[in-house]
Amino acid sequence: MVVGFEKAVSATKSVVTSAKKAPTTLSSDRVINFARGDPTMYESYWRQMGEKCTVVISGHNLMSYFSNAGHFCWFLMPELDRAIRRLHCVVRNAVVDDDRYIVVGNGSTQLFQAVLYALSSSYDPDTEPLSVVAAAPFYSSYPEETEFLRSGLYKWAGDAYSFEKDGAYIEVVTSPNNPDGAIREAVVNRDGGKLIHDLAYYWPQYTPITGKADNDIMLFTFSKATGHAGSRIGWAVVKDIEVATKMVKFMELSSIGVSKESQLRAARILEVISDDCQNSAPDKEENFFEYGQRLMSDRWEKLREVVKRNGVFSLPKYPQDYCNFIGKYTDPSPAFAWLKSKDGLNCDNLLRELKIVTRGGTNFGVDSNYTRISMLSPDDDFNLLLERLSAIKGTTINGNN
């Protein structure tokens with residue numbers, strides 16, 4: 001067996017060289033980036049929808065700062081509020097009763113910052129900052145987003161599994177988890193704790209919908225729900241009006257609200273999805289979530305087969321569960337593949353030798369033998385990923401050509 005990363009990389013280089021010489025329909029020398037979660041794979045679906053999602057805005061429309069001056073979230077368009085509540089009711093993935101408050105933001109990133117402010121601003125400023133934790137592997141941007149403003153109200157305190165400090169804290173629970181796709185619950189579970197549930201991937205294309213989430217603070221994002229990352233729309237479903245009001249204040253001071261044009265576009269697209277999901281016509285075409293679930297399932301099947309053949313990596317196994325939306329048992333198909341090197345090699349570096357850019361495990365609070373691969377890329381890039389992963393053979397890595 002080859003010992004050490006450098007020998008493994010050397011062996012891999014020889015595999016890549018031979019793979020380039022072999023005639024293939026997709027072979028290319030270009031670098032393919034799977035480090036980002038850019039959901040461009042959905043573009044073909046929305047292209048076939050034609051003009052159904054088109055929104056026409058005249059020059060005199062939407063000129064005021066205010067969408068609803070009498071509403072606590074004065075920049076939230078009523079059309080988007082209704083569309084969000086309707087979609088959650090259709091999918092049955094979250095409780096959005098009238099006593100829940102919708103807060104719209106410029107993506108879930110801004111909402112995360114707003115929640116941190118809202119939860120920490122009521123604590124005594126003379127005490128030390130409130131600890132923010134998440135169970136590893138955690139979303140790689142949580143530490144940077146928490147520390148970016150250098151706030152005296154809160155600070156990043158690392159892995160929830162090793163958090164032992166007494167007193168108040170904030171725990172972020174991401175479910176399904178980014179990067180590993182696992183269904184998560186709170187870990188710390190002590191008095192004085194506040195929870196933020198990041199449910200960006202709790203949609204039928206990624207995981208079975210087993211019930212309506214009913215947490216104090218739930219974050220969702222337009223980018224992962226439908227693929228429209230460029231619109232920069234996210235929303236929070238909040239139980240406590242005081243928390244929701246403080247979140248609105250944060251966004252008022254940081255961006256004076258959220259683009260009305262983006263909100264109307266999001267509202268229209270969400271309504272189209274809901275309409276299609278509730279269409280009972282016998283000749284109806286598959287709705288967006290059925291399309292996404294089929295595509296993601298197919299991609300995961302192909303990736304698992306390649307990983308099984310090369311013998312170098314492993315992938316998590318997920319239990320099948322009944323999806324209330326689909327109406328049958330389905331397999332989870334997470335938005336990211338959490339790849340592990342079987343021999344303890346630096347997985348990210350190993351793939352970079354194949355011109356595959358990923359996001360290594362150390363960014364997520366774990367070892368470098370893990371790396372995260374986006375499953376949301378265009379078809380050409382995904383097929384090229386499969387081709388290059390197929391070029392790595394376990395026998396070559398182990399020194400047995």
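- Between Ser151 and Pro129, the closest side-chain pair of non-hydrogen atoms is not below 4.5 Å.
- Counting heavy-atom neighbours within 6.0 Å of Lys239 NZ, excluding the residue itself, gives a total above 12.
- Ring-centre distance between Tyr65 and Phe75: not below the 6.0 Å cut-off.
- A pairwise comparison of heavy atoms in Lys260 and Phe66 identifies NZ-O, 2.7 Å as the closest pair.
- By the neighbour-count criterion of 12 heavy atoms within 6.0 Å, atom NZ of Lys249 is sparsely surrounded, having that number or fewer from other residues, nucleotides or ligands.
- Between Tyr370 and Pro179 there is no side-chain heavy-atom pair separated by less than 4.5 Å.
- In terms of modelled atom types and a separation under 3.5 Å, the side chain of Glu387 and the main chain of Asn383 share no donor-acceptor contact.
- The side-chain hydrogen bond (donor to acceptor under 3.5 Å, both in side chains) test with Thr358 singles out one residue from Asn349, Asn363, Asp348, and that residue is Asp348.
- Atom SG of Cys323 sits about 5.5 Å away from atom CD1 of Ile209, to the nearest 0.5 Å.
- Contact detail for Arg359 and Thr371: the closest heavy-atom pair is O-OG1, 3.0 Å.
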Item to check | Verdict with reasoning, Arg184 to Thr174, per side chain to side chain contact (heavy atoms under 4.5 Å, CB included) | outcome: CA-CA 6 Å; Arg184 287 284 189 85; Thr174 307; 5.8 Å; no
Checklist entry - Stepwise, does the side chain to side chain contact (heavy atoms under 4.5 Å, CB included) test hold for Trp74 with Ser67? => result CA-CA 6 Å; Trp74 50 267; Ser67 299; over 6 Å; no
Item to check | Stepwise ring pair (Phe, Tyr, Trp, His ring centres under 6.0 Å) test for Phe148 and Trp156 | outcome: CA-CA 10 Å; Phe148 185 71; Trp156 177 251; over 10 Å; no
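- Under the 4.5 Å side-chain criterion, counting only non-hydrogen atoms from C-beta, Val248 is in contact with Val103.
- Using modelled atom types, no side-chain atom of Asp367 and backbone atom of Asn369 make a donor-acceptor pair closer than 3.5 Å.
- Between Tyr206 and Trp300, the gap from one ring centroid to the other reaches at least 6.0 Å.
- Here the closest non-hydrogen pair linking Arg372 and Gly37 is NH2-N, 4.2 Å.
- Between the side chains of Tyr291 and Ser44, a donor-acceptor pair is found at a separation under 3.5 Å.
- Annotation: cation-pi geometry not satisfied between Arg232 and Phe222 (NZ/CZ under 6.0 angstrom from ring centroid, within 45° of ring axis).
- Looking at Lys155 and Glu128, their side chains come closer than 4.5 Å, going by heavy atoms from C-beta outward.
- In this structure, Trp203 and Phe220 have perpendicular ring planes: the angle between them is above 60°, well past the 30° mark.
- With His197 contributing its side chain and Leu199 its backbone, the two residues share no donor-acceptor pair below 3.5 Å.
- Checked against the 6.0 Å centroid criterion, the rings of Tyr142 and Phe112 qualify as a close aromatic pair.
- Environment of NZ in Lys340: sparse, with no more than 12 heavy atoms of neighbouring residues, nucleotides or ligands closer than 6.0 Å.
- Considering every non-hydrogen atom in both Ala337 and Met375, the closest pair reads N-CG, 3.8 Å.
- Heavy atoms from other residues, nucleotides or ligands lying under 6.0 Å from OH of Tyr329 number 12 at most.
- Scored by the salt bridge (charged side-chain N to carboxylate O under 4.0 Å, His left out) test, Asp298 finds Lys302 as partners (sequence neighbours excluded).
- No donor-acceptor contact under 3.5 angstrom links the side chains of Gln293 and Thr330, judged on distance only.
- Two residues are said to be in side-chain contact when any heavy atoms from C-beta on lie closer than 4.5 Å; Tyr201 and Asn178 meet this criterion.
- With hydrogens and angles ignored, the 3.5 Å screen pairs a side-chain donor or acceptor of Arg92 with a backbone N or O of Asn324.
- In this structure, the side chains of Ile57 and Glu261 come closer than 4.5 Å at one or more pairs of heavy atoms.
- Although no hydrogens or angles enter the test, the distance criterion places no donor-acceptor pair under 3.5 Å between the side chain of Ser175 and the main chain of Asn177.
- Ring-centre distance between Tyr42 and Phe288: below the 6.0 Å cut-off.
- Between the Arg294 side chain and the Glu286 main chain, no donor and acceptor come within less than 3.5 Å of each other.
- Thr210 and Asp321 are not linked by any side-chain donor-acceptor pair at a separation below 3.5 angstrom, with hydrogens and angles left out of the test.
- The minimum heavy-atom distance between Phe138 and Gly158, with the atom names listed, is CE2-C, 4.5 Å.
- Distance alone, capped at 3.5 Å, places no donor-acceptor pair between the Ser368 side chain and the Asn346 backbone.
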Checklist entry - Where do His228 and Ser231 land on the side chain to side chain contact (heavy atoms under 4.5 Å, CB included) test, with the steps shown first? => result CA-CA 6 Å; His228 294 87; Ser231 294; 4.2 Å; yes
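- Residue Asn189 places its CG atom among more than 12 non-hydrogen atoms of other residues, nucleotides or ligands, all under 6.0 Å distant.
- In summary, the side chains of Gln278 and Arg86 do present a donor paired with an acceptor at a separation below 3.5 Å, with no hydrogens or angles considered.
- The main-chain N or O of Leu354 is found under 3.5 Å from a side-chain atom of Arg388 such that the two form a donor-acceptor pair.
- Within 6.0 Å of atom CD1 in Ile256, 12 or fewer heavy atoms from other residues, nucleotides or ligands are found, so the atom counts as exposed in its surroundings.
- At least one donor-acceptor pair under 3.5 Å links the side chain of Gln205 to the backbone N or O of Ala225.
- Heavy atoms of other residues, nucleotides or ligands lying less than 6.0 angstrom from CZ of Arg30 number more than 12.
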Checklist entry - Step by step, would you call Glu144 with Ser141 a side chain to side chain donor-acceptor pair (under 3.5 Å)? => result CA-CA 5 Å; Glu144 185 176 9; Ser141 291; 5.3 Å; no
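- Applying the 6.0 Å contact sphere to CD of Glu43 captures no more than 12 heavy atoms from other residues, nucleotides or ligands.
- For Phe364 and Trp338, the gap between ring centers is short of 6.0 Å.
- With Asn287 contributing its side chain and Asp276 its backbone, the two residues share no donor-acceptor pair below 3.5 Å.
- Side-chain atoms of Ser377 and Arg36, non-hydrogen and from C-beta on, never get closer than 4.5 Å to each other.
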Next on the checklist: Run Ile102 and Val238 through side chain to side chain contact (heavy atoms under 4.5 Å, CB included) and show every step you take.
Outcome noted: CA-CA 6 Å; Ile102 305 294; Val238 184; over 6 Å; no
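- Considering only heavy atoms from C-beta on, Met251 comes within 4.5 Å of Leu111 through its side chain.
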